[in-house]
There are 4 protein chains.
Amino acid sequence: MNHIALIGRLTRDPELRYTPNGVAVSNFDLAVDRPVPNQQGERETDFIRIIAWNKLAENVANYVKKGRLVGVEGRLQIRSYETQDGQKRRVAEVVASQVQFLDRGRDDSAAAGNG
Amino acid sequence: MNHIALIGRLTRDPELRYTPNGVAVSNFDLAVDRPVPNQQGERETDFIRIIAWNKLAENVANYVKKGRLVGVEGRLQIRSYETQDGQKRRVAEVVASQVQFLDRGRDDSAAAGNG
Amino acid sequence: MNHIALIGRLTRDPELRYTPNGVAVSNFDLAVDRPVPNQQGERETDFIRIIAWNKLAENVANYVKKGRLVGVEGRLQIRSYETQDGQKRRVAEVVASQVQFLDRGRDDSAAAGNG
Amino acid sequence: MNHIALIGRLTRDPELRYTPNGVAVSNFDLAVDRPVPNQQGERETDFIRIIAWNKLAENVANYVKKGRLVGVEGRLQIRSYETQDGQKRRVAEVVASQVQFLDRGRDDSAAAGNG
DNA sequence: TTTT
DNA sequence: TTTT
């Protein structure tokens, strides 16, 4: 089991690319707020990287922009890679299975998913 | 582990009551949409009963109304009771731990929780 | 968004049936414990109905038995029906998307899902 | 909303420390398996860093060891820091709110949480 | 690098 | 109707 549910705002427009074999993939960052315990009204923000594949990647790129509020479901993935000078790094990202659009007029609550 | 995450709209204003010993409790129903598989554009709706306690009950009663979009986190509880003519019945409800307000101006994304 | 995550024990063996058009469906109940607040060591139990479809229904029926510990992911569904004497009733059940087997030797942590 | 649910095994014994003002904090890594799509029987593993605070930190340190299967609930946090040579780095970790012990005899399904 |  |  590896399931994460987030609600937050995009910090930038999603970036849509295609793999060499034509699979759509898009990335964006989500600003997710939370209250600071015992500090009334204060909030802190986590900036969480999201990755979407296939039709969901295209829907996100077409319908969501910087500043929009979305709900995201997916799984947390830790990817390892090496920098050019040979250091090992790890990047955490949420692989989205569902993205739900939450503000803006009658589009409210529209949703997109894979599979 | 018993955790549920929902996004939906209230079908009526929340009802606020107090137990004999003065504990606030409020109830509302959430309309939660989902796509019907293989039926493009079709949606079905689950109507899910939510119960909130204490300060969260009061916040919900004060700030959320029928039609508003909210995110709810909590646990699924199955309560048993007997009808007046002695039949056993069971009711399912989500005991909310967090409610997040998702539409309406700069209130966007305000949140309330217990504990 | 409608996602639930549960860990609990089966209260009986799963029941496997097939719809008239040959789709596998299986049902079981999960006993899900939780601590009673402020009552050290006390626990209460929710008995939650699970329904699985297709290959997941068959895997569950084949590999899980009464008493086994499992993790379940899915969505909460409220189904309405009428009794023979015309009363309206509602039943809550979790439509499983994943079931993970959690005890018993090297089977530990085996998982099965749909789609 | 920021909620994650995981089931996995500890890759090492948890490490228990105390902050200068005496707050318990413990760290461990969880190996979380998932099936590789379209590759029958193949599995990949994410290694996810967990952090627990207060009484939960102490319970985890006392009762859980390397290799044990646990369920973890919490939130995903992205922490920024600077390396000694002034590079900015980010680390992702799950701040646990509940840890449930899932294997080993009658301890099965014991749980510990904060708040 | 960050959103309202 | 309930599991350990």
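Below, chains carry the letters A, B, ... as their sequence lines are ordered, and counting in each starts from 1.
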Taking Watson-Crick (N1-N3 plus N6-O4 or O6-N4) and G-U wobble (N1-O2, O6-N3), each under 3.5 Å, can you produce the dot-bracket string of DNA chain E? Use [ ] for crossing pairs and | for inter-strand ones.
....
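- Atom CG of Asp33(A) and atom C1' of dT4(E) are 8 Å apart (whole Å).
- Here dT3(E) presents its P atom at 15 Å from CG of Asp46(A), a figure rounded to the nearest Å.
- Thr11(A) contributes no side-chain N or O that forms a donor-acceptor pair with the base of dT1(E) under 3.5 Å.
- Side-chain N/O atoms of Tyr81(B) and Gln87(B) include no donor and acceptor closer than 3.5 Å.
- We find that the ring of Phe47(C) and the base of dT1(F) do not stack by the test of centres under 5.5 angstrom and planes tilted less than 30°.
- Whole-Å rounding puts the Arg43(C) CZ to dT4(F) P distance at 15 Å.
- Regarding Phe28(A), its CZ atom lies at a distance of 12 Å from the C1' atom of dT3(E), rounded to whole Å.
- Residues from residues 85-93 of chain D with heavy atoms under 4.0 angstrom of DNA chain E, sorted by number: Lys88(D), Arg90(D).
- Ile50(A) has its CD1 atom 13 Å from the C1' atom of dT2(E), to the nearest Å.
- The side chain of Arg49(C) has dT1(F) as its nearest neighbour among dT1(F), dT4(E), dT3(F).
- By the 4.5 Å heavy-atom criterion applied to side chains, Ile4(C) and Arg75(C) are not counted as neighbours.
- In this structure, the side chain to side chain contact (heavy atoms under 4.5 Å, CB included) partners of Arg90(C), at least two apart in sequence or on a different chain, are Phe47(B), Ile78(C), Ser80(C).
- Note: CE (Met1(B)) to P (dT3(F)) measures 23 Å, nearest angstrom.
- The interatomic distance linking Arg12(C) (CZ) with dT1(F) (P) rounds to 13 Å, in whole Å.
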